[in-house]
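Working notes, beginning with the structure itself.
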Number of protein chains: 4
Amino acid sequence: MPRRYDPERRQRIIDAAIRVVGEKGIAGLSHRTVAAEAGVPLGSTTYHFATLDELMVAALRQANEGFAKAVAARAAFQDPTLDLADELAGLLGEWLGGGRGETGVPPAEGWGSVGAELEYELYLAALRRPALRPVAAEWCQDLAAALAERTDPVTARALVALMDGICLQALLTGGEYDAAYAREMLARLIP
Amino acid sequence: MPRRYDPERRQRIIDAAIRVVGEKGIAGLSHRTVAAEAGVPLGSTTYHFATLDELMVAALRQANEGFAKAVAARAAFQDPTLDLADELAGLLGEWLGGGRGETGVPPAEGWGSVGAELEYELYLAALRRPALRPVAAEWCQDLAAALAERTDPVTARALVALMDGICLQALLTGGEYDAAYAREMLARLIP
Amino acid sequence: MPRRYDPERRQRIIDAAIRVVGEKGIAGLSHRTVAAEAGVPLGSTTYHFATLDELMVAALRQANEGFAKAVAARAAFQDPTLDLADELAGLLGEWLGGGRGETGVPPAEGWGSVGAELEYELYLAALRRPALRPVAAEWCQDLAAALAERTDPVTARALVALMDGICLQALLTGGEYDAAYAREMLARLIP
Amino acid sequence: MPRRYDPERRQRIIDAAIRVVGEKGIAGLSHRTVAAEAGVPLGSTTYHFATLDELMVAALRQANEGFAKAVAARAAFQDPTLDLADELAGLLGEWLGGGRGETGVPPAEGWGSVGAELEYELYLAALRRPALRPVAAEWCQDLAAALAERTDPVTARALVALMDGICLQALLTGGEYDAAYAREMLARLIP
DNA sequence: AATGAATGAGCATTCATTCAT
DNA sequence: TATGAATGAATGCTCATTCAT
């Protein structure tokens, strides 16, 4: 096999890692699965990312950035005439819609096929892997910072927490997301 | 070596599994680690729990029960003169205090040395392991049911969601738990 | 492939490990090479010896025992009329004769195809692997104890040291062992 | 990054290799570990030393030279009024003192921070690596030549052998170095 | 002259699970 | 009923070496 010069390879490995996490979860992420998904030799993944932690951080940080951009681009965060709770409830719906593959619903545009599950994979992994904690923290903070443009920072933090909790329960109980309920409770938090 | 009849063995295996998850996370749970922790032969763990999923469900259901009992026993849920938000914020503090261990503070009595991290491992692992979903769902429902004695069921559900979100963020960002903030936001949810 | 019940397997793995060390040195000892040599699956070697250190200790200790028996059986150690230095010089010759394969000389009877090189492999490995130190120490002590039946313990120790040094130099400089030189120098040590 | 002309680089790589062997043993010597220790790119090590054997030979020959110089500089080898056995026993003590490191005693001046362990790694590795044999042989011969200035060549060779054996046993058994014992036995060898 | 990238082979180890006893 | 033995697959990771630039 020819030794190809492939300057994009590092990026392709990251992209493959994101797809693998999306499909099989972080538990399914291994040098081998990523190499197969990216179509590169095994050694290539360990060359570019000496440890799995490194690869996970790179992949999840990139996913974070895509997510943050998509969120920030939503009109609601610029337009004060829109109802914030309403917008957030809608955001959650979109987010959850992009989630578990078995819904048959294609992921919403702009999420880069990254739904709510990826976030929770990140949370789960960060619980035991200190290397991922900063990435998890960024995830929260980026979203809170975006929300803080429409409310105070402390409330923004709580909104993120409630959104997290609602999401988690929706994912765990099978996905029946109740937008009206979410809207109502988010609204209560906003002073 | 005599093969003793050991009716406690099944229980000892479950207890060992809880300790293992608490110390090393779900990723560290294997027939081998549990057998070593319980001091029983490897074959014994596969005999009593044919698959790891079975063992995880048993272990985590038991952890749930211990938690539920401890929660239900709190006076606040029977005594309407106590401030609910205050009590819940206190509950979170206790729970998180039993957590990551580096605080040096021994876990609160009654948690069965099971802290918040263990429960979130459960929650989050359930995302990818259907076998755990019902156990995770029970967790939410039991707590919500307890809270519903002091408020309406829908609010109770949201309180659980917010508590989940606050907990998760505290665990992941390594930040201090801010009881006053939790109290304030929980109070906003209560109509 | 049928799962055979093979109660001798552990021993066969040890024997294979000794052959591997003899042929390729300790650097060539791996779970894989041993499994191939023993004709057992890879997993079998790790089942019986969880770590390579364990396997190395078992293999080298067994080699030690074979060596010690062979040495102790030599008449010289019981018969005070024989010249000790002479006997030891002869022992070294035999020992070195069993050594490096390229001599074409078949290993002396009784060494179990274990020559001087194996001893030095052991020394080399023990230098960096604490787990092997006790085995290396036993090697020295067993020989010294045998010699101590014909002289005092301190002299015995020095005889072993000189034998070691002579051996080492013979192996390193290509094997021209000079028995007369060895005899003379060993004799000088005996008071 | 500018590609500086760096005439010292080859030397820096050799120095790094010596440090690596000293710290992790020959088994820990790889192009990668050396590159990291020397602070040079991986490709640089393979450029200057096409194979690991080349690097090992260069590194260990340099270690030899440092040792030989230090030994030759000792007064004892020129001053016939000093007791040779006594001096050699002292030399061994110094050498071993620079060794395993857990003594807390800093290596004696003049050894180039190369202790006895490094040299024995060389000796013993040469058993299986023909490329190292000449270097190991030089070691013996240089020391024997220095000793031959105070005694006959054959005795000198035996003194080196005994010193080797004593050293080896001290390193392997972890026992204390007994200078009086060494002195006595070395003295017995001197006619 | 110098080096970052690449890669296939190999490593020790862990594992869930099966099965003979 | 229990369990020690067995095993194939997989894991993260290191490596010497080659090669295009």
Side-chain angles (χ1 to χ4, degrees), chain A residues 1-10 27-35 40-55, chain B residues 1-7 9-10 27-36 40-55, chain C residues 1-10 27-35 40-55, chain D residues 1-7 9-10 27-36 40-55:
Chain A
M1 192 190 301
R3 200 96 55 97
R4 296 195 301 104
Y5 174 62
D6 181 356
E8 313 271 322
R9 178 158 293 188
R10 193 187 149 90
L29 188 75
S30 75
H31 284 124
R32 281 162 179 77
T33 52
V34 170
V40 301
L42 171 59
S44 195
T45 61
T46 58
Y47 171 73
H48 288 285
F49 302 93
T51 68
L52 256 200
D53 267 9
E54 262 180 53
L55 176 54
Chain B
M1 187 191 307
R3 286 192 201 166
R4 296 194 300 104
Y5 174 61
D6 182 356
R9 177 157 290 189
R10 194 188 146 89
L29 187 75
S30 75
H31 284 122
R32 280 162 181 74
T33 51
V34 170
V40 302
L42 170 60
S44 194
T45 62
T46 56
Y47 175 72
H48 288 286
F49 302 92
T51 71
L52 260 197
D53 268 7
E54 261 180 55
L55 175 55
Chain C
M1 189 189 301
R3 201 93 56 94
R4 297 196 298 105
Y5 174 62
D6 180 357
E8 313 271 322
R9 178 158 295 188
R10 195 187 148 89
L29 188 74
S30 76
H31 283 123
R32 281 162 180 74
T33 52
V34 170
V40 301
L42 171 60
S44 194
T45 62
T46 59
Y47 171 73
H48 288 285
F49 302 92
T51 69
L52 257 199
D53 267 10
E54 262 180 53
L55 176 54
Chain D
M1 187 192 305
R3 286 194 201 163
R4 297 195 300 104
Y5 174 62
D6 182 356
R9 176 156 294 187
R10 195 188 145 88
L29 187 75
S30 74
H31 285 121
R32 279 162 182 74
T33 52
V34 170
V40 302
L42 170 60
S44 193
T45 61
T46 57
Y47 176 72
H48 288 286
F49 302 92
T51 70
L52 261 195
D53 268 7
E54 262 180 54
L55 175 55

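Every value quoted in this text rests on a predicted model; they were computed, and no experiment measured them. In the text below, chain A, chain B and the rest are named by the order of the sequence lines, each starting its count at 1.
Closest-nucleotide positions on DNA chain E for A50(C) and A50(B) were compared, and the one nearer the 5' end corresponds to A50(C). Positionally, the nearest nucleotide of DNA chain F for G43(C) lies more toward the 5' end than for the other of T33(D) and G43(C). When each of G28(C) and R10(A) is assigned the nucleotide of DNA chain E with its nearest heavy atom, R10(A) is the one assigned upstream, toward the 5' end.
The two residues A35(A) and L42(A) have their closest heavy-atom pair at CB-CA, 3.8 Å. Of all heavy-atom pairs between H31(C) and F49(C), the closest is NE2-O, 3.7 Å. Counting all heavy atoms, side chain and backbone alike, L52(C) lies closest to L29(C) at CD1-O, 3.6 Å. Heavy atoms only, all atoms of each residue included: T33(C) and G28(C) are closest at OG1-O, 3.0 Å. Minimum heavy-atom separation, E54(C) to H48(C): OE1-O, 4.2 Å.
When heavy atoms are screened at a 4.0 angstrom cut-off, S30(B) is found touching the sugar-phosphate backbone but no base atom. L55(C) comes within contact range of no nucleotide atom at all, as no heavy-atom separation falls under 4.0 Å.
Pairing for dA1(E) is absent, judged as Watson-Crick or G-U wobble with the two contacts each under 3.5 Å. Here dG8(E) sits opposite dC15(F) as a Watson-Crick or G-U wobble pair (both hydrogen-bonding atom distances under 3.5 Å).
Look at CZ on F49(C): it is 15 Å from C1' on dA6(F), rounded to the nearest Å. As a whole-Å value, the separation of H31(C) NE2 from dA9(E) P is 22 Å. One can place CZ of R32(C) at 13 Å from P of dA9(E), the figure rounded to the nearest angstrom. dC11(E) atom C1' lies 14 Å from atom CG of D53(C), rounded to whole Å. Atom-to-atom, OH of Y47(D) to P of dA20(F) comes out at 17 Å; the value is rounded to the nearest Å. Atom CG in L52(D) sits roughly 16 Å away from atom P in dT14(F) (whole-Å rounding).
A close approach under 4.0 Å does occur between a side-chain nitrogen or oxygen of R9(B) and OP1 or OP2 of dT3(F). Here H48(C) reaches the OP1 or OP2 of dA6(F): one of its side-chain N or O atoms lies under 4.0 Å away. Put simply, T46(B) has no side-chain N or O that comes within less than 4.0 Å of OP1 or OP2 on dT17(E).
Listed nucleotides dT17(E), dT13(E), dC13(F) differ in distance to L42(B); the shortest reach to its side chain belongs to dT17(E).
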